[in-house]
Amino acid sequence: MNKGFLALSPLIVFIVLYLILSLVAGDFSRVPMTVVFLIASIYAVATSTKFSLKERIDIYGKGASTPNLLLMLWIYVLAGAFAQSAKGMGAIDATVNFTLSTLPPSLILPGLFIAACFISISIGTSVGTVVTLVPIAAGIASQTNGNVALLTAVIVGGAYFGDNLSFISDTTVVATQTQGVRMKDKFKVNSLIVAPAVIVVLGLYAYLGYGMQSPAHVGETNFLKVIPYLAVLITAVCGMNVMAVLVIGIVLCGIIGIAGGSYGFFGWLDAMGNGIVGMGELIIIAMMAGGMLEIIRVNGGIDYIIEKLSARIHGKRGAEFSIAALVSLVNLCTANNTVAILTVGNIARQISQKYGVDPRKSASILDTFSCTVQGIIPYGVQMLLAAGLAHVEPVDIIPYLFYPFAIGIAASLSILLRYPKKYS
């Protein structure tokens, strides 16, 4: 077996095994992703025969404990504590009542999507957007007997609007730096590429939301209980670190909840504890994914992808598709769109220079395709977090992720049809 293909095989084992078991069970939610990742991880360790067993375990452990991953795990812990303490003191119900009393039922879906787009482009992080809005979307679904997975997907899709376009997004910063272009130039090209996708998705949400019914009874809004969510939103938009934002939200929930009699001090602690425990499965999945993907990287799987794709370029259109395929496949293997752009950024720049691709277009391709893949993989940070907060399976959300799929299609068409013309 080709060494490069063998290096990639743990990811293939995970995908194929998950699909086969889900099809046999007739239900994707019946297959525990933790178990599938465990099997794929054992396979990854077992097939890395050029290292001793201790070295393989060390590599796996290193991947499962990188600084970026540990930061995400802390966000999981704080997000779980905030979500449950907010729910316990009535913040979610109060915010849902306020939303339902403000927006007509037919505008709830497009309204949530626009809110997610605004917040994500303001704060530059899809994670912060998911943490802020998914509990509200899930609460609205409960009140209106709506589809929880659909409303969660609306938020996740809007979160990637900002991840792809915001001036302070990690992906935008890395894409522009590696391609040597200014942020405003990349924004201009990128916005022209994804604008059709935004319009189509907004229209689709307006159509899907047309038949939504108002709940029989909308409770009164206690604005005091909305304060934790407003504080989280305002501090996030102001650029505060997401961990500090969540800590502020947790403290406010405790103060307002205890003062208002929603729970006592130990009830607040219990709520936080239950929220943290509820994130346990997501933490385990993230760590196992990180370990398995590190073994793939060390064994040369990512280098193999880059080598194979960059060797098959013919012409400007082929160069752009190669850049798209490179960042997409590496993102699939790393489950981190910023890392994927960093990994292939310099290679993409060399390809662009060799075949005359406008660097503003290549930066947009890198960012858009990485956001597409990150937005639809079931083991991505954002998807796991959204699923945990909404209490659904990641695979239940995927069919409704219209925006990530739409920007992928729009970016592919921009390569095929050579638009925007000025930059193609």
Side-chain angles (χ1 to χ4, degrees), residues 10-11 34 37 40-41 44-45 48 51 54-82 120 123-131 159-160 162-163 166 168-178 235-236 239-250 276 279-303 327 330-346 366-367 370-371 373-375 377 379-386 388:
L11 184 63
T34 47
F37 260 119
S41 296
V45 172
S48 301
F51 301 105
K54 183 182 182 305
E55 288 173 329
R56 298 177 223 174
I57 294 171
D58 287 344
I59 293 168
Y60 187 88
K62 180 183 176 183
S65 59
T66 62
N68 282 338
L69 179 60
L70 289 176
L71 176 62
M72 288 299 103
L73 298 187
W74 275 113
I75 291 172
Y76 282 165
V77 168
L78 291 171
F82 171 66
S120 62
I123 66 179
T125 167
S126 49
V127 172
T129 307
V130 166
V131 168
Y160 281 100
D163 206 357
S166 175
I168 57 175
S169 166
D170 287 349
T171 58
T172 296
V173 171
V174 174
T176 53
Q177 285 182 343
T178 58
T235 52
M240 186 176 289
N241 181 281
V242 66
M243 293 177 68
V245 166
L246 289 170
V247 169
I248 289 171
I250 291 168
I276 293 168
M279 289 291 174
E281 184 180 12
L282 305 185
I283 292 171
I284 292 168
I285 289 172
M287 293 183 72
M288 288 197 292
M292 185 186 78
L293 296 172
E294 178 66 11
I295 288 181
I296 289 173
R297 187 193 68 80
V298 169
N299 284 332
I302 294 175
D303 291 338
V327 76
V330 173
N331 203 137
L332 196 66
C333 294
T334 59
N336 186 308
N337 47 352
T338 305
V339 171
I341 297 172
L342 273 172
T343 303
V344 305
N346 288 331
L366 282 171
D367 201 343
S370 69
C371 285
V373 174
Q374 186 70 16
I377 54 176
Y379 51 93
V381 169
Q382 297 84 349
M383 187 77 80
L384 291 173
L385 188 56

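Note that this is a predicted model, so its numbers are computed, not measured. For this chain, numbers begin at 1 and follow the sequence in order.
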For Thr178, which residues count as a side chain to side chain contact (heavy atoms under 4.5 Å, CB included) partner, sequence neighbours excluded?
-> Val174, Ile341, Leu366
For the atom pair CG (Leu246) and CH2 (Trp74), what is the distance rounded to the nearest 0.5 Å?
-> 12.5 Å
Please round to the nearest 0.5 Å and tell me the distance separating atom OG1 of Thr171 and atom CG of Asp367.
-> 3.5 Å
Heavy-atom pair with the smallest gap, counting every atom of Met383 and Ile377 | CB-O, 3.6 Å
Identify, with sequence neighbours excluded, every residue that meets side chain to side chain contact (heavy atoms under 4.5 Å, CB included) alongside Val330.
-> Ile302, Ile306, Thr334, Ala340, Thr343, Val344
The reported gap from CD1 in Ile296 to CD1 in Ile59 (rounded to nearest 0.5 angstrom) is 12.5 Å
Under the salt bridge (Lys or Arg N to Asp or Glu O under 4.0 Å) test, which residues partner Asp303, sequence neighbours left out?
-> none
Heavy-atom pair with the smallest gap, counting every atom of Ser370 and Val327 | CB-CG2, 4.0 Å
List in chain and number order the residues that pass ring pair (Phe, Tyr, Trp, His ring centres under 6.0 Å) with Tyr60, two or more places apart in sequence or in another chain; answer none if no residue qualifies.
-> none
Tyr379 and Leu332, any side-chain heavy atoms less than 4.5 Å apart | yes
Could you tell me the separation between the CD1 atom of Ile283 and the CG atom of Leu69, rounded to the nearest 0.5 Å?
-> 10.0 Å
Pairs touching residues 288-299 that satisfy salt bridge (charged side-chain N to carboxylate O under 4.0 Å, His left out), sequence neighbours left out = Glu294-Arg297
Between Asp163 and Ser120, is any side-chain donor less than 3.5 angstrom from a side-chain acceptor?
-> no
Could you pull out all residues at least two apart from Asn336 that satisfy side-chain hydrogen bond (donor to acceptor under 3.5 Å, both in side chains)?
-> none
Going from CE on Met279 to CD1 on Ile284, what distance comes out if it is rounded to the nearest 0.5 angstrom?
-> 13.5 Å
Results of side chain to side chain contact (heavy atoms under 4.5 Å, CB included) for Gln177 - residues two or more places apart only | Val173
Step-by-step side-chain contact (heavy atoms from CB on, under 4.5 Å) determination, Asn337 to Val373 = CA-CA 8 Å; Asn337 47 352; Val373 174; over 6 Å; no
Across all chains, not counting sequence neighbours, the side-chain hydrogen bond (donor to acceptor under 3.5 Å, both in side chains) partners of Ser48 are Asn299
Which atom pair, heavy atoms only, marks the closest approach of Ile250 to Leu78?
-> CD1-O, 3.7 Å
With sequence neighbours left out, write down each residue that passes ring pair (Phe, Tyr, Trp, His ring centres under 6.0 Å) with Phe82, or none if nothing qualifies.
-> Tyr229
Output yes when Asp58 and Lys62 qualify as a salt bridge under the 4.0 Å nitrogen-oxygen rule, no when they do not.
-> no
Kindly determine whether Leu71 and Met243 satisfy side-chain contact (heavy atoms from CB on, under 4.5 Å), including the steps that lead there.
-> CA-CA 9 Å; Leu71 176 62; Met243 293 177 68; 3.2 Å; yes
Closest non-hydrogen atom pair between Ala79 and Val131, with its separation | CB-CG2, 4.0 Å
Which pair of heavy atoms, one from Val381 and one from Gln374, lies closest together, and at what distance?
-> N-NE2, 3.8 Å
Shortest non-hydrogen contact between Met288 and Ser41, atoms and distance | O-OG, 3.7 Å
Among all residues two or more places apart in sequence or in another chain, which pass the side chain to side chain contact (heavy atoms under 4.5 Å, CB included) test with Ile285?
-> Met33, Thr34, Phe37, Glu281, Leu384
